[in-house]
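Structure, as structure tokens:
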Amino acid sequence: MRYSQGFIPTLKEEPREAEISSHALTVRAGLIRKIASGIYAFLPAGKRVIQKIENIIREEMDRTGALELFLPVLQPSDLWEKSGRWGEYGPELFRLKDRNGRSFCLGPTHEEIMTYLAYLDIKSYRDLPLNLYQIQVKFRDEIRPRYGLLRAREFIMKDAYSFCENDSDLDEIYNKMHSAYTRIMERMGLKYKTVEADTGIIGGKSSHEFMVLAGDGEETIIYCPECGYSANIEMAGFRPLMEKEETFKNAGEIEKVSTPGITDIDRLADFLKIEKKYTVKTILLTDEKEKIYAFILMGDRQLNISKAEKFLGKELRLYENSDERYPIGYLGPVGLDPEIEIYADRMLKGVKGVITGANKKDFHLRNVNIQRDVNIKAYGDFSYPVEGDICERCGSKLKIDKGIEIGHIFKLGKKYSEKMEARFLGRDGRLKPFVMGCYGMGITRILSAVIEQMHDDKGIIWPTAIAPYTVNLLITSLKEEQLVGAGEEIYEKLLDSGIEVLYDDREVSAGIKFKDSDLLGLPLKIVLGRKYLDEGLIEVQLRKNGKQFEINPKDIVKFVKDFISSDIKK
RNA sequence: CGGGAUGUAGCGCAGUCUGGUUUAGCGCGCAGCGUUCGGGACGCUGAGGCCGGGGGUUCAAAUCCCCCCAUCCCGACCA
């Protein structure tokens, strides 16, 4: 591609809305442009990256025997009624009506369509197992689109759905998908972690997430450097790191302390000059029937609502109406409305001499002894782990990383096939629902995640496997006929050898070409300039580490090919 | 949906508080000419704005008031 004929509009300044590097760089390097909130156009260079990511995913999916097909974006509501998700999904689902008033949605995912296809045409165990995938645009009306492509409302995803006759076949496909995903990450040269995950609204049994490690990632990963255990912090198991129990001695009689205007743990600890763990926080949750539950935990811990939900087996949300009876900021387990059941985090077992709210505005209680003074309905694990907590498996200390979720695989089981009556005739001659799995991977999200992980202050640093072009060939001046001639010649030579090259033949100063080159981040920069005029040598610079080489023109193709083969894993 | 903010040239912004000296500005980018030419050069000339939209107040509105829309930030949701 000749730069002068291309369309790579780069920007010197950062767009105002960009909060994280990948967002700023995708826009600045001319990969994407925003059309509306959470909706983006992909410009030619961005489109090339998308295509490369897709191809790697295709190759790895095909290798496992999965089959590609293409499903509609527009999906009729009746299929969603059948699966029950028309009601469950909520406002995140883009819904619309056709001219006859029939309801449709823009697919946020394709379980319904896939299950319907299976219902139509998979009749016998002889047709199984089957794993079908597509690469398709998806829609989710996110509450808050953010971070460019990382949280967009329209995005591209690969999604695969497997159909099996039993759990062990599902396990086999699941494991194949797991290793295919691993290969995909490796081929793109990404640092990543695979973590155990929550299954969320899609439902099902076990589930893993693939996280690209990045400091600005939205997800928190807890992992054990010793035994390799890693999980999404939402569902991570752990043993709390506890000081010895005598730290909590000194349990005299309860006394009231005046704490005017002190409504949060930080200020409370500050005000009373104690550590946060000597306070106990009380959080009220309600269920659909507006019944209130109290959860208490150590002041320095965060309540994990999904753990609370699992414990009670129902959906819960924060109770936020502060009133006379439940003065938020001054809640406490002692003297709380006896109607409210109190659940205590396991870390509070035997804890005494702590501060709690007094259930009265501007007052807290001192010397509370959990066992003595509080009527605990049950103890459980309701908190998030923190760095330094103990690994349940091996007893080492856990660590925390930030990551971007780019893939998620689930064992769905029969959730959809049962509801949608998608059944096959088994070996025993009886109808059975398919045992399903589903495997998603966010393609536009990978694009962002890669940049988030691989960039410096000058721009993007593409891994060769998915760079829009491999080589940025640039001549420092168009005035020198020798350079123009050599540029043309080398451009042709590289093209003839099947190398993807962006030839910067623009009539702009060399400085601009260098800056744009670093910004766009192609793996190799080949410079024809002084060195060529003086000594007939071509300069080559590696984007990833700045290393420079001087190459004889006759060796340039070999140099580039060697670089590619050493840099791309197959 | 709650809380906060912003909307002025393609991009980044000033001007708004205190209405009129503003023919609405600056930097970048864009076009032409000339000088430059290895890390976002310089000079000159130029194109480009219903100041987000609608309504109102006023002799006079980018500026004051009301409504709407869009965008962004914080929270709950999520690949």
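Here is how names work: the chains are called A, B, and so on, in the same order as the sequence lines, proteins then strands, and each is numbered from 1.
- No more than 12 heavy atoms of other residues, nucleotides or ligands lie within 6.0 Å of CD in A:Glu507, so this atom counts as exposed by the packing criterion.
- Rounded to whole Å, the separation between the P atoms of B:rU21 and B:rC37 comes to 46 Å.
- Using a 4.0 Å cut-off between a side-chain N of Lys or Arg and a carboxylate O of Asp or Glu, A:Glu111 and A:Arg85 qualify as a salt bridge.
- Taking atom P on both B:rC44 and B:rC51, the two are 30 Å apart, rounded to the nearest angstrom.
- Taking a cutoff of 4.0 Å between a charged side-chain nitrogen and a carboxylate oxygen, A:Glu480 and A:Arg530 do not qualify as a salt bridge.
- Counting heavy-atom neighbours within 6.0 Å of A:Tyr223 OH, excluding the residue itself, gives a total above 12.
- In this structure, A:Phe410 and A:His408 have parallel ring planes: the angle between them is below the 30° cut-off, well short of the 60° mark.
- Atom NZ of A:Lys515 is separated from atom P of B:rC28 by 16 Å (rounded to the nearest Å).
- Here the closest heavy-atom approach between residue A:Met61 and residue A:Ala160 is recorded as CE-CB, 3.7 Å.
- Only the P atoms considered, B:rG12 is 28 Å distant from B:rU23, to the nearest whole Å.
- For the C1' atoms, the distance from B:rG54 to B:rG29 is 33 Å, rounded to whole Å.
- In terms of position on RNA chain B, the residue among A:Lys34 and A:Leu149 whose nearest nucleotide sits closer to the 5' end is A:Lys34.
- The 12-atom threshold is not exceeded at CD of A:Gln302, counting heavy atoms of other residues, nucleotides or ligands nearer than 6.0 Å.
- Look at B:rU18: it lacks any Watson-Crick or wobble partner with both distances under 3.5 angstrom.
- Nucleotide B:rG38: unpaired (no Watson-Crick or G-U wobble partner with both distances less than 3.5 Å).
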Nucleotides 9-16 of chain B: which of its N/O atoms have a protein N/O under 3.5 Å away?
| from | atom 1 | to | atom 2 | distance (Å) |
| --- | --- | --- | --- | --- |
| B:rG12 | O2' | A:Glu13 | OE1 | 3.4 |
| B:rC13 | OP2 | A:Arg16 | NE | 2.9 |

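- If you measure from atom CZ of A:Arg153 to atom C1' of B:rC78, you get 14 Å, rounded to the nearest angstrom.
- Remark: B:rC30 base-pairs with B:rG46; criterion is Watson-Crick or G-U wobble with both hydrogen-bond distances under 3.5 Å.
- Within the nucleic acid shown, A:Gln541 comes within 4.0 Å of at least one base atom, counting heavy atoms only.
- As the counterpart of B:rU57, no nucleotide is assigned, since no Watson-Crick or G-U wobble pattern has both distances under 3.5 Å.
- Under the Watson-Crick and G-U wobble criteria, each requiring two contacts below 3.5 Å, nucleotide B:rG7 is paired to B:rC69.
- Within residues 37-46 of chain A, the residues that have a heavy atom under 4.0 Å from RNA chain B are, in order of number, A:Ser37.
- B:rG56 and B:rG19 have their C1' atoms separated by 15 Å, with the value rounded to a whole Å.
- Rounded to an integer number of Å, the gap from A:Arg144 CZ to B:rC77 P is 13 Å.
- Using bins of under 30°, 30° to 60° and over 60° for the plane-to-plane angle, the ring pair A:Tyr293/A:Tyr343 lands in the tilted bin.
- Considering all non-hydrogen atoms of both residues, A:Ile222 and A:Ala236 come closest at CG2-CB, 3.0 Å.
- Comparing B:rU63 with B:rG25, their C1' atoms are spaced 15 Å from each other, to the whole Å.
- A salt bridge is absent between A:Lys531 and A:Glu539: the closest approach of a Lys/Arg side-chain nitrogen to an acidic carboxylate oxygen does not fall below 4.0 angstrom.
- Figure legend. B:rU23 is base-paired to no nucleotide; pairs are counted as Watson-Crick or G-U wobble with both atom distances under 3.5 Å.
- For A:Phe514, counting side-chain heavy atoms from C-beta on, the closest listed nucleotide (B:rG38, B:rC74, B:rU71) is B:rG38.
- Comparing B:rC72 with B:rG52, their C1' atoms are spaced 15 Å from each other, to the whole Å.
- Across all non-hydrogen atoms, the minimal contact from A:Ile460 to A:Leu520 is CB-O, 4.0 Å.
- Between the CG atom of A:Asn472 and the C1' atom of B:rG38 there is a distance of 14 Å, given to the nearest Å.
- The side chain of A:Arg151 contributes no N or O atom lying less than 4.0 Å from OP1 or OP2 of B:rC77.
- Residues A:Met211 and A:Thr194 fail the side-chain proximity criterion, which asks for heavy atoms closer than 4.5 Å.
- Counting any heavy atom pair closer than 4.0 Å across all strands shown, A:Ala449 reaches no nucleic acid atom.
- One can place CD of A:Glu550 at 17 Å from P of B:rG38, the figure rounded to the nearest angstrom.
- A straight line from NZ of A:Lys479 to P of B:rG38 spans 11 Å, rounded to a whole angstrom.
- A:Ile233 places its CD1 atom 17 Å from the P atom of B:rC78, with the value rounded to the nearest Å.
- Taking the C1' atoms as reference points, B:rG40 lies 27 Å from B:rG49, given to the whole Å.
- Residues from residues 528-539 of chain A with heavy atoms under 4.0 angstrom of RNA chain B, sorted by number: A:Gly529, A:Arg530, A:Lys531, A:Glu539.
- Taking a 6.0 Å sphere around CD of A:Glu481, one finds it holds 12 or fewer heavy atoms contributed by other residues, nucleotides or ligands.
- In this structure B:rG2 sits in a base pair with B:rC74, meeting the Watson-Crick or G-U test at under 3.5 Å.
- Not one side-chain nitrogen or oxygen of A:Ser509 sits closer than 4.0 Å to the OP1 or OP2 atom of B:rG40.
- Among the heavy atoms of the strands lying under 4.0 Å from A:Glu92 are primed sugar atoms or P, OP1, OP2 only; no base atom is included.
- Across the protein-nucleic acid pair, A:Ile143 atom CD1 and B:rA76 atom P stand 10 Å apart, rounded to whole Å.
- Residues A:Tyr384 and A:Arg301 share a closest heavy-atom pair of O-NH1, 3.4 Å.
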